[in-house]
2 protein chains.
Amino acid sequence: MGRKKEISIKLTPQRLVIMEYLEGNMNHPSAADIYNAVSKKYPTMSFATVYNTLETLWEKGRLRELTIDRGKMRFDSNTKPHHHLICVQCKNITDIHRKFALKLPEGEQYNFDIIGIHVDFYGICPKCKKEKNNNVEVKKW
Amino acid sequence: MGRKKEISIKLTPQRLVIMEYLEGNMNHPSAADIYNAVSKKYPTMSFATVYNTLETLWEKGRLRELTIDRGKMRFDSNTKPHHHLICVQCKNITDIHRKFALKLPEGEQYNFDIIGIHVDFYGICPKCKKEKNNNVEVKKW
DNA sequence: TCTAAAGTAAGAATAGTTATTAATTAAAAT
DNA sequence: ATTTTAATTAATAACTATTCTTACTTTAGA
C-alpha cells in the first residue's frame with residue numbers, strides 16, 4: 001500500500017523509523033545524526049542497526065552516500081540525480097536540481113562507461129558570510 | 001633557486017622526500033601510499049610526519065584533498081583546476097583538464113561566494129570492463 | 001503454528017587520522 | 001660561525017567513524 005512496500009526489504013520497526021527520518025530530509029545527515037535522531041523515537045536502537053539499514057537502503061538504490069567531510073559519511077535520501085552546493089565552513093549542503101550538459105573529452109584514456117556525474121560547488125554560504133571571523137578556516141576545504 | 005623554495009615552509013629532509021614523491025604524481029595516493037613509498041628512501045619516516053607535511057602543504061595551497069574513498073583521504077598534487085573521472089571499481093582517478101562552464105541557478109538560497117567547482121564523473125574504467133566478474137561490486141559506489 | 005532465513009543489539013575490533021610529548025633540527029639573529 | 005628559538009620530528013597514545021562478531025530475536029512464508 002504505502003510507498004515503503006515498493007522496496008523489497010523486510011520491514012522492521014527499526015527500519016521504518018530510520019526511513020521515516022530520512023524521507024524528505026534535506027540535511028544530508030551523518031550516521032551519528034541519524035542515530036541521535038531516531039533513538040529518541042526508538043530508544044533501543046543500536047548503531048549497528050543504523051549502519052546496517054543505511055547499507056541496505058543504499059544497496060537498493062534508495063540512498064546516496066556523500067563523501068564531503070573528511071572521514072565522515074553523509075547520506076542523501078534524495079535519489080533523483082542532482083548536484084551539491086557545499087559551504088566549506090559550516091559544511092551544510094544545498095541541493096541543486098539543475099541539469100548540466102557535461103561531456104567527457106575524447107580520448108583513449110577516457111573510455112569509461114559513465115554511470116554518474118556529480119558537480120560540487122564549494123563556497124561560503126550566506127549565513128557564514130555574515131558572521132565575523134569567517135575567514136579563519138576558509139582555506140580549509 | 002629551485003621551485004621548492006617558493007613555498008614558505010621550513011625545508012626538512014622529510015618534507016623534501018615527500019614533496020619529491022608528490023611532484024608530478026598522477027596516482028592520487030593515500031597517506032598510507034605516501035608513507036610506504038617515502039619510507040623506502042627515508043626509513044625513519046614516521047606516519048605523523050606524513051600527515052603533518054600533507055597538512056602543511058595543503059594549508060599552503062600546494063595540495064588538494066580528495067574524498068573519494070569511503071573513509072580514506074587521497075591527495076592530489078596537481079593544484080591546477082581540474083576535474084576527475086573515477087572508476088567505481090578499482091578507485092583509480094583520472095584527471096580531466098577540460099573546463100566546464102557551470103553556473104549556479106538564480107535564487108536566494110544559492111547566494112554563496114563560490115570558491116571552487118569540481119566535477120566527478122563516475123564509471124567503469126577500460127581495464128575493469130575487460131575483467132570478468134566486474135559487476136560484482138559495481139553497485140557499490 | 002512452525003521453521004528457516006534475516007535482522008537486531010551490544011560491544012569488540014579495525015582503520016584512518018589526530019593529538020601529545022620529549023628530543024631534535026632548521027633558520028634567524030647575533 | 002655560533003647561538004638562539006621556534007618549528008619539526010618520531011613514537012605512540014588517543015580518538016572517531018565504521019565494520020565485524022555473536023547470541024538472541026523477529027519476520028515472513030510454508
Side-chain angles (χ1 to χ4, degrees), chain A residues 1-2 4-19 21 28-60 62-75 91 137 140-141, chain B residues 1-2 4-19 21 28-60 62-75 91 137 140-141:
Chain A
M1 237 161 257
K4 306 252 172 49
K5 201 74 179 291
E6 288 164 28
I7 68 171
S8 58
I9 61 172
K10 271 195 192 173
L11 293 179
T12 65
Q14 294 90 336
R15 285 178 173 176
L16 286 168
V17 174
I18 292 170
M19 286 159 75
Y21 173 74
H28 310 85
S30 67
D33 294 336
I34 295 165
Y35 173 77
N36 291 332
V38 300
S39 27
K40 279 179 193 138
K41 277 202 175 178
Y42 198 99
T44 63
M45 177 72 63
S46 117
F47 238 110
T49 299
V50 171
Y51 276 106
N52 286 341
T53 302
L54 291 171
E55 166 87 5
T56 303
L57 291 174
W58 170 77
E59 275 172 357
K60 303 289 178 188
R62 305 267 304 189
L63 210 55
R64 196 166 117 189
E65 294 182 342
L66 309 181
T67 45
I68 303 292
D69 277 5
R70 178 204 284 259
K72 178 159 69 177
M73 276 291 166
R74 296 180 61 176
F75 299 89
K91 298 289 169 64
E137 288 288 317
K140 297 218 168 195
W141 65 283
Chain B
M1 234 161 260
K4 305 252 174 48
K5 202 73 179 294
E6 287 164 30
I7 69 173
S8 57
I9 60 173
K10 269 197 194 175
L11 293 179
T12 64
Q14 292 91 334
R15 286 178 171 175
L16 287 168
V17 174
I18 293 170
M19 288 159 74
Y21 174 73
H28 310 84
S30 67
D33 293 336
I34 295 165
Y35 173 76
N36 291 333
V38 299
S39 28
K40 279 179 193 137
K41 276 202 177 178
Y42 198 98
T44 64
M45 177 73 62
S46 121
F47 237 110
T49 299
V50 172
Y51 277 107
N52 286 341
T53 302
L54 291 171
E55 168 86 4
T56 303
L57 290 174
W58 170 76
E59 276 171 357
K60 303 288 176 189
R62 303 268 303 191
L63 211 56
R64 198 165 116 189
E65 293 183 343
L66 309 181
T67 45
I68 303 292
D69 277 6
R70 179 202 284 259
K72 177 160 69 177
M73 276 292 165
R74 296 178 61 175
F75 299 88
K91 298 288 170 63
E137 288 288 318
K140 297 219 168 197
W141 66 282

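Both backbone and side-chain heavy atoms feed into the values below; hydrogens, waters and symmetry mates do not. A, B, ... follow the sequence lines: proteins, then strands. Residue 1 opens every chain.
Put simply, the side chain of A:Phe75 does not reach to within 4.5 Å of the side chain of A:Ser30, judged on heavy atoms. Using a 4.5 Å heavy-atom threshold, the side chains of B:Tyr35 and B:Ser46 count as separate. Under the 4.5 Å side-chain criterion, counting only non-hydrogen atoms from C-beta, B:Thr56 is not in contact with B:Leu63.
Atom C1' of nucleotide D:dT18 and atom CD1 of A:Ile34 are separated by 13 Å, given to the nearest angstrom. Straight-line distance from the CD1 atom of B:Ile68 to the P atom of C:dG16: 16 Å, rounded to whole Å. In this structure, B:Glu55 atom CD and D:dA7 atom P are separated by 16 Å, rounded to whole Å. Taking atom CD of residue B:Glu59 and atom C1' of nucleotide D:dT8, one finds them 14 Å apart after rounding to whole Å. In this structure, B:Phe47 atom CZ and C:dT17 atom P are separated by 8 Å, rounded to whole Å. Computed from coordinates, the B:Lys60 NZ to D:dT8 C1' distance equals 14 Å when rounded to whole Å. Distance, B:Asp69 CG to C:dT14 P: 21 Å, rounded to whole Å. Look at CG on B:Leu16: it is 12 Å from C1' on C:dA26, rounded to the nearest Å.
Considering only side-chain atoms of B:Tyr51, the nucleotide from C:dG7, C:dT17, D:dT9 that sits closest is C:dT17. In this structure, of C:dT17, C:dA9, D:dT9, it is C:dA9 that holds the atom nearest to the side chain of A:Ser46. For A:Thr49, the listed nucleotide lying nearest its side chain is C:dA9; candidates were C:dA9, C:dG16, D:dT8. In the set C:dT8, C:dT17, C:dA26, C:dA26 carries the atom at the smallest distance from any side-chain atom of B:Lys10. Checked against C:dA9, C:dG7, C:dT17, the side chain of A:Ala48 finds its nearest nucleotide in C:dA9. Looking at the side chain of A:Lys72, the nearest of the listed nucleotides C:dA6, D:dA17, C:dA9 is D:dA17. Of the listed nucleotides (C:dT17, C:dA6, D:dT9), C:dT17 has the atom at the smallest distance from the side chain of B:Met73. Of the candidate nucleotides C:dG7, C:dA9, D:dA10, C:dG7 has the atom nearest to the side chain of A:Arg15. Across C:dA26, D:dT9, D:dT18, the shortest atom-to-atom separation from the side chain of B:Pro13 is found for C:dA26.
Comparing A:Phe75 and B:Thr12 by the nucleotide of DNA chain D that holds the closest heavy atom to each, the one mapping nearer the 5' end is B:Thr12. Nearest-nucleotide positions on DNA chain D for B:Gln14 and B:Gly71 put B:Gln14 closer to the 5' end. The nearest heavy atom of DNA chain C to B:Ala31 and to A:Asn52 marks one nucleotide each, and the one closer to the 5' end goes with A:Asn52.
Residue contacts shown for B:Ala32 are absent, as no nucleic acid heavy atom lies under 4.0 Å away. Counting non-hydrogen atoms under 4.0 angstrom, B:Ser30 reaches nothing in the nucleic acid. Residue B:Tyr35 is classed as having no contact, given no heavy-atom separation below 4.0 Å to the nucleic acid. Contacts of B:Pro43 with the nucleic acid, taken as non-hydrogen atoms under 4.0 Å apart, are absent.
Taking 4.0 angstrom as the limit, B:Arg70 places a side-chain polar atom (N or O) nearer than this to OP1 or OP2 of D:dT19.
Side-chain atoms of A:Asn52 and A:Thr49 form no donor-acceptor pair, as typed in the model, at a separation below 3.5 Å.
B:Arg70 contributes no side-chain N or O that, together with a main-chain N or O of A:Met73, makes up a donor-acceptor pair within less than 3.5 Å.
Within the model, atoms NZ of B:Lys41 and CD1 of B:Ile18 stand 12.5 Å from one another, a figure rounded to the nearest 0.5 Å.
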